[in-house]
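Quick notes on the structure that follows.
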Amino acid sequence: MADVLTRRARSELMSRVRSRGNKSTELRLVLLMRAGGVTGWRRGRKLFGKPDFVFPEVRVAVFVDGDFWHGHPKTFRQPKGNFEFWQQKITRNRARDRIVNRSLRVKGWRVLRIWESTLAKRPASVLRRLNAAIAQRFLEQT
């Protein structure tokens with residue numbers, strides 16, 4: 001399906017997508033963690049890669065990745081317009097994610113990446129995975 005917006009209008013629209021405070025990602029995880037009794041997390045900590053949530057005491061960094069922007073293997077749909085730009089953009093985002101993961105792991109952090117679609121469709125599994133990572137790190141430190 002052809003884009004109904006002009007290039008300029010599409011660019012303006014996409015520029016308004018924010019990486020912080022997105023209701024379908026971070027804010028949904030905040031609500032899930034509060035409902036699940038998960039504590040010890042912080043937002044906005046200065047850490048390489050800018051994790052969405054940090055559990056400083058157990059050194060767990062959590063990223064909530066949007067399916068489009070991080071190229072989810074099953075749900076990502078490559079835009080037909082400006083194909084090369086978007087292909088390069090998503091490839092760079094994925095490469096950056098791998099660098100961030102490696103860098104944080106080398107520094108002793110456990111990195112969790114949660115897909116936007118998984119958070120929406122299977123929140124209980126996200127909560128289990130998060131609790132397991134925190135518990136594992138807690139046991140490793142004792």
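No experiment lies behind these values; they were computed from the predicted model shown.
- For the atom pair Gln78 CD and Ile90 CD1, the distance stands at 7.5 Å (nearest 0.5 Å).
- Applying the salt bridge (Lys or Arg N to Asp or Glu O under 4.0 Å) rule to Arg94 yields no partners; only residues at least two apart in sequence or on another chain are considered.
- Phe48 meets the ring-ring contact (aromatic ring centres under 6.0 Å, His included) test with no other residue; sequence neighbours excluded.
- Pairing each heavy atom of Trp69 with each of Lys89, the nearest pair is CZ3-CE, 4.1 Å.
- Considering all non-hydrogen atoms of both residues, Pro123 and Leu32 come closest at O-CD2, 3.5 Å.
- Hydrophobic clustering, with ILVMFWY side chains joined whenever heavy atoms are under 4.5 angstrom apart, groups Ile134 together with Ile114.
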Test Trp86 against Phe76 for side-chain contact (heavy atoms from CB on, under 4.5 Å), laying out the working first.
-> CA-CA 11 Å; Trp86 287 112; Phe76 175 69; 5.7 Å; no

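- For the pair Lys107/Leu47, no side-chain contact is recorded, criterion being any heavy-atom separation below 4.5 Å from C-beta on.
- Sorted by first and then second residue, the pairs that involve residues 101-130 and meet ring pair (Phe, Tyr, Trp, His ring centres under 6.0 Å), not counting sequence neighbours, are His72-Trp115.
- Going from atom CZ of Phe55 over to atom CG of Leu130 covers 4.5 Å, rounded to the nearest 0.5 Å.
- For the pair Thr91 (side chain) and Gln87 (backbone), a donor-acceptor distance under 3.5 Å is present.
- Pro51 has its side chain out of reach of Arg45: every pair of non-hydrogen atoms, C-beta onward, lies at least 4.5 Å apart.
- Side-chain contacts under 4.5 Å among hydrophobic residues (ILVMFWY), followed directly or transitively, place Leu31 with no other residue at all.
- Using modelled atom types, no side-chain atom of Glu57 and backbone atom of Gly40 make a donor-acceptor pair closer than 3.5 Å.
- The minimum heavy-atom distance linking Thr118 with Ser125 is given by the pair CG2-OG, 4.1 Å.
- With contacts defined as side-chain heavy-atom distances shorter than 4.5 Å, the pair Leu29/Phe53 qualifies.
- For CD of Gln136, the number of neighbouring non-hydrogen atoms (other residues, nucleotides, ligands) closer than 6.0 Å is greater than 12.
- Side-chain heavy atoms closer than 4.5 Å link hydrophobic residues (I, L, V, M, F, W, Y) into clusters, and following such links, possibly through other members, connects Val58 to Leu127.
- Ala61 approaches Leu104 most closely through the heavy-atom pair CB-CD1, 4.1 Å.
- The hydrophobic clustering, which links ILVMFWY residues whose side-chain heavy atoms are closer than 4.5 Å, places Val30 and Val60 together.
- Under the ring pair (Phe, Tyr, Trp, His ring centres under 6.0 Å) criterion, no residue pair touches residues 121-142, with sequence neighbours excluded.
- Annotation: side chain of Val54 is not in contact with side chain of Trp41 (no heavy-atom distance under 4.5 Å).
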Salt bridge (Lys or Arg N to Asp or Glu O under 4.0 Å) assessment of Arg110 paired with Glu140
CA-CA 11 Å; Arg110 171 79 187 335; Glu140 289 172 0; over 6 Å; no

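- Taking each heavy atom of Leu119 and Thr25 in turn, the nearest pair found is CD2-O, 3.3 Å.
- Taken to the nearest 0.5 Å, the CZ atom of Arg122 stands 9.5 Å off from the CZ atom of Arg129.
- Under a cut-off of 6.0 angstrom, the local environment of CD in Gln141 is crowded, with over 12 non-hydrogen atoms contributed by other residues, nucleotides or ligands.
- Closest approach of Gly66 to Glu116, counting heavy atoms only: CA-OE1, 3.4 Å.
- With rounding to the nearest 0.5 angstrom, the CZ atom of Arg34 is 12.0 Å from the OG1 atom of Thr39.
- Going from atom NE2 of His70 over to atom CG of Asn93 covers 6.0 Å, rounded to the nearest 0.5 Å.
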- Query: Stepwise, does the side-chain contact (heavy atoms from CB on, under 4.5 Å) test hold for Val62 with Asp52?
  - Reply: CA-CA 6 Å; Val62 179; Asp52 298 307; 5.8 Å; no

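- Judged as a salt bridge (charged side-chain N to carboxylate O under 4.0 Å, His left out), the pairs with a partner in residues 59-79 (not counting sequence neighbours) are, in order, Asp65-Arg113.
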